[in-house]
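Proteins come first, then strands; the chains are lettered A, B, ... in the order of their sequence lines, and each starts at number 1. The structure presented is a predicted model; accordingly, all values stated were derived computationally and were not measured.
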Amino acid sequence: MAWPNIFQRGALLSQFSHHHVVVFLLTFFSYSLLHASRKTFSNVKVSISKQWTPSAFNKSIELPVEIWSSNHLFPSAEEATLFLGTLDTIFLFSYAVGLFISGIVGDRLNLRWVLSFGMCSSALVVFVFGTLTEWLHFYNKGLYCSLWIVNGLLQSSGWPCVVAVMGNWFGKAGRGVVFGLWSACASVGNILGACLASSVLQYGYEYAFLVTAAVQFAGGIIIFFGLLVSPEEIGLPGIEAEENFEDDSHRPLISGAENEDDAEPNYSIQEDKTITQVKAISFYQACCLPGVIAYSLAYACLKLVNYSFFFWLPFYLSNNFGWKEAEADKLSIWYDVGGIIGGTLQGFISDVLQKRAPVLALSLLLAVGSLVGYSRSPNDKSINALLMAVTGFFIGGPSNMISSAISADLGRQELIQGSTEALATVTGIVDGTGSIGAAVGQYLVSLIQDNLGWMWVFYFFILMCQPPEMLTRVKAGLFFYTTGIIVNDFYHCCFMNVLNGL
Amino acid sequence: MALRGLDSPLSVVPWAAALLLVLSVERALALPEICIQCPGSVQNLSEVALYCKQTSDLMLHARCCLNRKGTILGLDLQNCSLKDPGPYFPQAHTAIIIDLHANSLQGDLANTFRGFTQLQTLILPQDVNCPGGINAWDTVTSYINNQTCQEQRNLCNSTGDPEMCPENGSCAPDGPGRLQCVCAEGFHGYKCMRQGSFSLLMFFGILGSTTLSISTLLWGTQRRKAKAS
């Protein structure tokens with residue numbers, strides 16, 4: 001295996017102009033802000049459910065109705081919590097649906113407009129949801145549900161657009177490590193949202209929404225005036241042009257060599273490379289691109305496990321070990337940290353190897369071990385945190401990589417070179433499928449945990465790691481073949497025919 | 001009432017002020033109904049009259065003793081043939097002294113005096129007990145033709161339960177023998193969940209100027225040379 005050109009080319013960093021830095025930061029923070037407003041919602045849940053319910057305080061002392069019990073949207077805090085959980089699910093589903101749509105829209109319209117519009121309009125919806133209804137004292141379940149559906153649809157414009165922009169600017173040479181670092185944006189957004197919300201929550205929950213919505217709106221304006229969606233916009237050569245000078249770069253890193261053999265020529269939209277073709281790819285065509293469906297399904301399983309960790313980890317910790325909720329919240333950050341380090345490191349290794357699938361396969365194989373280890377964690381916070389970081393490294397890492405670097409690889413593979421407008425669509429498909437998996441997973445986890453207990457939840461997670469593991473092994477077929485593992489050749493034959501035939 | 005909302009107990013202050021203003025304007029035209037529902041005026045030797053003459057600022061009007069702002073400080077409804085204090089009675093919640101004796105009052109007065117936090121002297125018919133019971137007053141004296149309740153007690157300190165109110169609430173007297181939970185110092189809003197006030201002007205000022213400068217900077221360095229697309 002030849003050492004990659006990134007070393008021969010000299011330092012990776014020297015290729016980057018100030019435009020690259022600005023694009024990296026703008027996309028990073030625009031997605032952070034979108035995620036921050038989601039985090040705000042989960043952080044103010046206690047305050048909102050108090051606001052919606054009358055006071056449940058029965059002592060002989062008089063509680064003036066106006067202060068304590070004039071709001072009757074829900075009779076008790078439990079029912080309000082249930083409704084808030086429903087809003088979460090509604091959001092995840094509409095977000096998933098929105099991802100499919102907005103990817104397609106993003107490829108057809110200007111990415112900058114779509115991203116900017118998505119941020120500003122979703123900020124307005126959040127403002128109406130959290131601030132305006134409170135100022136007007138208008139509480140209505142139907143209104144809340146419909147606003148949150150609209151918010152999910154609008155928010156979904158963020159991810160496909162930012163990944164597409166990043167894919168336009170950062171060639172696949174350094175894509176793994178750049179995207180690995182960049183995919184920390186969701187975690188940074190979570191921290192940002194938690195800080196913003198907690199700093200103004202004392203003035204009332206409506207101000208937590210107001211502040212995050214206003215900052216997000218401002219971010220949308222800055223994106224509109226400052227973002228360059230591709231190097232071509234200012235006359236710089238696009239990354240394809242750059243890559244075309246190099247021999248090995250026609251092949252996307254995600255696939256083994258086999259895709260080139262299997263590729264049907266009629267997928268190839270581009271014939272003449274000197275003409276920049278901007279016609280967008282259709283949804284169906286995007287689905288047919290080799291690897292898209294496979295990685296979407298793999299990502300659905302991984303995102304299911306990943307989001308289950310996000311949503312259920314604090315609850316599991318306080319439930320299983322009896323740790324305080326605030327402490328469990330703080331501790332669960334380590335999973336994030338592991339995911340960021342894992343994504344970056346594995347991205348770097350995959351850059352060096354110029355193949356992503358083997359790295360993912362190995363990581364997911366080890367993920368099973370780390371899940372078994374974590375499920376047997378002793379009642380000790382530091383050991384648990386360490387195991388959690390390791391689990392995040394092996395599960396969150398691949399998950400981050402699929403949703404960012406690999407989506408970009410898939411959307412820019414040589415079959416559609418020239419039609420650069422497939423990136424957002426492909427990203428939307430991958431992330432949308434993942435979000436559906438995540439939404440279904442939240443339901444399944446609560447079901448399994450209720451009926452069978454936490455151990456079975458972990459078995460379920462291990463089971464969910466198998467399909468992506470298998471898929472990536474198939475994708476890495478050549479790699480294993482050369483090392484002489486015949487079983488994988490078998491997998492390769494069976495699955496590749498199925499997958500690439502789709 | 002519904003529109004008035006629950007923003008803060010502080011919002012009650014302008015309302016009360018407005019109410020007082022309305023009352024004082026009305027007084028020029030008409031006294032509060034409670035003062036004139038019973039014909040005649042305060043008798044010269046009554047307790048209310050004595051109280052009212054102690055201070056030069058106070059004036060007697062019909063059955064009431066009012067200060068210059070028109071607030072009712074004393075109410076003398078003795079010998080009015082009342083069976084109950086009537087619908088206008090809450091107008092007198094600011095009263096310090098109330099005389100209700102020589103009426104055949106019936107029923108429980110506990111709810112009648114809700115909000116009468118200033119009340120220090122209450123003269124009732126002989127057969128009527130002091131509202132809130134003996135514990136609500138420092139002195140309860142029975143005379144031949146009346147019963148006098150004096151010096152309302154604040155029961156908040158005597159119950160000895162530090163958590164008698166929900167979170168951020170604090171106990172406050174609400175008339176004789178009555179307690180209520182209002183927002184503790186510094187808290188306001190529904191369930192007293194809010195503290196302080198958010199400076200919208202400052203927030204949007206800072207955010208707006210930051211956005212403007214970053215946008216200008218990025219436009220200058222990034223998009224200025226961009227081809228129109």
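Atom CE of B:M193 sits about 12.5 Å away from atom CD1 of A:I67, to the nearest 0.5 Å. Within the model, atoms CZ of A:F225 and CG of B:L212 stand 9.0 Å from one another, a figure rounded to the nearest 0.5 Å. Atom OG in B:S199 sits 10.0 Å away from atom OH in A:Y207 (nearest 0.5 Å). Atom-to-atom distance recorded for B:F198:CZ and A:E206:CD is 10.0 Å, nearest 0.5 angstrom. For the atom pair OG (B:S213) and CD1 (A:I222), the distance works out to 8.0 Å, reported to the nearest 0.5 Å. One distance of note links CD1 of A:I221 with CG of B:L207; it measures 8.5 Å at 0.5 Å rounding.
Donor-acceptor pairing under 3.5 Å is recorded for the side chains of A:T53 and B:K191.
No more than 12 heavy atoms of other residues, nucleotides or ligands shown are found within 6.0 angstrom of CD on B:E47. Within a 6.0 Å sphere centred on CD of B:E167, other residues, nucleotides and ligands contribute 12 heavy atoms or fewer. Enclosure of atom CZ in A:F117 is not indicated, since only 12 or fewer non-hydrogen atoms of other residues, nucleotides or ligands lie within 6.0 angstrom.
Distance alone, capped at 3.5 Å, places no donor-acceptor pair between the A:W68 side chain and the B:V182 backbone. Although no hydrogens or angles enter the test, the distance criterion places no donor-acceptor pair under 3.5 Å between the side chain of A:Y203 and the main chain of B:R194.
For A:V23, no part sits under 4.5 Å from any heavy atom of chain B, backbone or side chain. In this structure, the portion of A:L26 lying under 4.5 Å from any heavy atom of chain B is its side chain and not its backbone. Interface remark: B:R178 contributes side-chain atoms only to the contact with chain A (heavy atom separation under 4.5 Å). Interface remark: A:F224 contributes backbone atoms only to the contact with chain B (heavy atom separation under 4.5 Å).
With sequence neighbours excluded, no residue satisfies side-chain hydrogen bond (donor to acceptor under 3.5 Å, both in side chains) with B:N154.
Interface summary for chain B: among A:I223, A:L228, A:L136, A:L210, the most heavy-atom pairs under 4.5 angstrom belong to A:L228.
In terms of heavy atoms, B:F204 sits closest to A:A214 at CE2-CB, 3.8 Å.
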Exercise. Any chance you could lay out the side-chain contact (heavy atoms from CB on, under 4.5 Å) test for B:F203 and A:V200, step after step, and finish with the verdict?
Key: CA-CA 11 Å; B:F203 172 69; A:V200 295; over 6 Å; no

Exercise. Show your reasoning for whether side-chain contact (heavy atoms from CB on, under 4.5 Å) applies to B:Q222 and A:L227.
Key: CA-CA 7 Å; B:Q222 308 294 315; A:L227 184 69; over 6 Å; no

